[in-house]
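As the structure is a prediction and not an experimental result, all values here were calculated from the model.
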Amino acid sequence: VQALERPAEVQAAEHLLQERWELLANLTCLQGPALQRLIEGIIQAYKSGITLRGNTTSLGRWDYSGSFFFSISAITTIGYGNLSPSTAAGRIFCIVFALFGIPLNLVLLNEIGQLMLLGVQHCACHLEEVFHWQNKASFLMKTCALVTGLLLFLLLPPFLFSDKEGWSYEEGFYYSFITLSTIGFGDYVIGMNSDRTYPSWYKNVISLWILFGMAWLALVIKFCISLLE
């Protein structure tokens with residue numbers, strides 16, 4: 001990882017310093033400490049979900065759909081880190097909400113996974129009865145479930161992200177896996193671009209995609225563990 005990422009980090013740091021010195025050279029009335037305070041203020045505001053749009057600021061990360069998406073990211077333990085409560089009351093509520101929400105979400109994910117597994121087993125039994133297959137039916141249904149899950153949760157969603165977020169397919173696929181695996185780096189998060197207009201259903205649909213996708217990926221990981229053992 002160091003060999004892959006370190007050169008890009010050094011290049012980005014050099015580029016940032018070069019832009020800073022060029023700005024101070026072009027605007028002689030601007031002092032270094034004042035510029036540093038402005039940069040820090042912009043970073044803090046961005047972390048809070050506020051960005052400048054001309055002479056106004058953009059709000060909306062804590063509307064209903066944004067709050068619902070934050071709740072999903074909290075109880076699924078994804079924790080992107082791009083948005084967090086800033087008030088003491090909000091932090092206390094988040095703690096209590098997570099204490100009860102995380103166990104309930106684990107129960108929900110387990111139930112969804114069991115329903116998916118029962119559906120695959122039911123289809124396999126039906127094929128065995130109709131075509132008199134035995135091991136072939138189970139293998140065929142597991143393969144179909146794997147391919148269908150790959151399409152619904154990993155391969156097709158990047159096209160939606162490309163349309164709504166302007167990401168490349170590789171970035172959308174990366175976001176899909178990082179989200180469903182609950183790694184949640186937070187470098188890519190949906191609905192955060194203030195220059196784009198998102199439909200009202202967007203974050204709600206993605207929240208459902210996360211729940212079902214996590215249940216499917218948990219089954220795949222469980223199957224991989226059984227093979228390794």
Side-chain angles (χ1 to χ4, degrees), residues 1-2 4-99 101 161-168 170-172 174-176 178-179 182-200 202-204 206-207 210:
V1 176
Q2 180 182 7
L4 293 172
E5 296 297 330
R6 182 65 176 176
E9 180 188 30
V10 172
Q11 184 179 2
E14 293 175 349
H15 180 68
L16 178 62
L17 286 175
Q18 182 181 356
E19 287 193 337
R20 180 179 185 274
W21 288 118
E22 288 179 356
L23 181 62
L24 289 173
N26 293 330
L27 301 175
T28 55
C29 60
L30 186 61
Q31 300 296 320
L35 176 61
Q36 186 64 30
R37 288 194 298 271
L38 176 63
I39 293 173
E40 292 175 354
I42 292 174
I43 293 174
Q44 186 60 41
Y46 181 78
K47 289 181 178 178
S48 301
I50 302 172
T51 56
L52 289 173
R53 304 183 70 177
N55 293 325
T56 62
T57 55
S58 63
L59 300 173
R61 290 192 180 185
W62 286 113
D63 57 9
Y64 181 80
S65 61
S67 300
F68 180 74
F69 186 72
F70 168 78
S71 301
I72 294 295
S73 68
I75 63 174
T76 55
T77 69
I78 295 173
Y80 290 114
N82 68 306
L83 189 61
S84 58
S86 58
T87 63
R91 289 167 180 166
I92 293 173
F93 175 80
C94 186
I95 292 173
V96 176
F97 175 73
L99 283 175
F161 301 139
S162 297
D163 178 60
K164 300 301 180 184
E165 305 290 343
W167 299 340
S168 65
E170 178 270 333
E171 291 170 330
Y174 168 78
Y175 167 77
S176 299
I178 293 300
T179 295
T182 71
I183 296 173
F185 288 127
D187 48 351
Y188 288 91
V189 185
I190 62 146
M192 296 294 113
N193 191 341
S194 59
D195 295 327
R196 288 180 173 268
T197 302
Y198 300 99
S200 57
Y202 183 52
K203 287 185 178 180
N204 297 331
I206 297 303
S207 298
I210 290 174

Handout entry: Note, Q36 side chain near R20 side chain (heavy atom, < 4.5 Å)
Key = yes
Fill in the blank from the handout: Note: E165 and G191 closest approach over all heavy atoms is OE2-N, 2.8 Å
Exercise for the section: Starting at CD1 of I190, measure out to OG of S73 and round the result to the nearest 0.5 Å. Expected result: 10.0 Å
Problem - Spacing of K203 atom NZ and Y198 atom OH [to the nearest 0.5 Å] - result: 8.0 Å
Practice task
Answer yes or no: are there more than 12 heavy-atom neighbours, outside E22 itself, under 6.0 Å from its atom CD?
Solution key: yes
Problem - CD (E40) with more than 12 external heavy atoms under 6.0 Å - result: yes
Handout entry: F70/C94 under side chain to side chain contact (heavy atoms under 4.5 Å, CB included): CA gap, chis, key distance, verdict
Key = CA-CA 10 Å; F70 168 78; C94 186; 4.0 Å; yes
Exercise for the section: State whether the side chain of S162 and the backbone N or O of W167 hold a donor-acceptor pair below 3.5 Å, judged by distance alone. Expected result: yes
Practice task
Measure the shortest side-chain to side-chain distance between F97 and I75 over non-hydrogen atoms and say whether it is less than 4.5 angstrom.
Solution key: yes
Practice task
Enter the distance from R196:CZ to D163:CG here, rounded to the nearest 0.5 Å.
Solution key: 8.0 Å
Practice task
Apply side chain to side chain donor-acceptor pair (under 3.5 Å) to D187 and list each qualifying residue two or more places apart in sequence or on a separate chain.
Solution key: Y174
Problem - Separation between CZ of F185 and OG1 of T179, rounded to the nearest 0.5 Å - result: 11.0 Å
Problem - Contacts of E9 that satisfy salt bridge (charged side-chain N to carboxylate O under 4.0 Å, His left out) - sequence neighbours left out - result: R6
Problem - Among D63, L83, I210, the one residue meeting side chain to side chain contact (heavy atoms under 4.5 Å, CB included) with F69 - result: I210
Exercise for the section: Calculate, to the nearest 0.5 Å, the distance between atoms CD and CG belonging to Q18 and L23 respectively. Expected result: 12.5 Å
Exercise for the section: Starting at OG of S207, measure out to OH of Y202 and round the result to the nearest 0.5 Å. Expected result: 11.0 Å
Completion exercise
Closest non-hydrogen contact found for N204 with S200 is ND2-O, 3.7 Å
Practice task
Indicate the ring-plane relationship of Y80 and Y175, choosing parallel, tilted or perpendicular according to the 30° and 60° boundaries.
Solution key: parallel
Handout entry: Donor on one side chain, acceptor on other, E19 and H15, under 3.5 Å
Key = yes
Handout entry: Min side-chain heavy-atom separation F93-T87 under 4.5 Å
Key = no
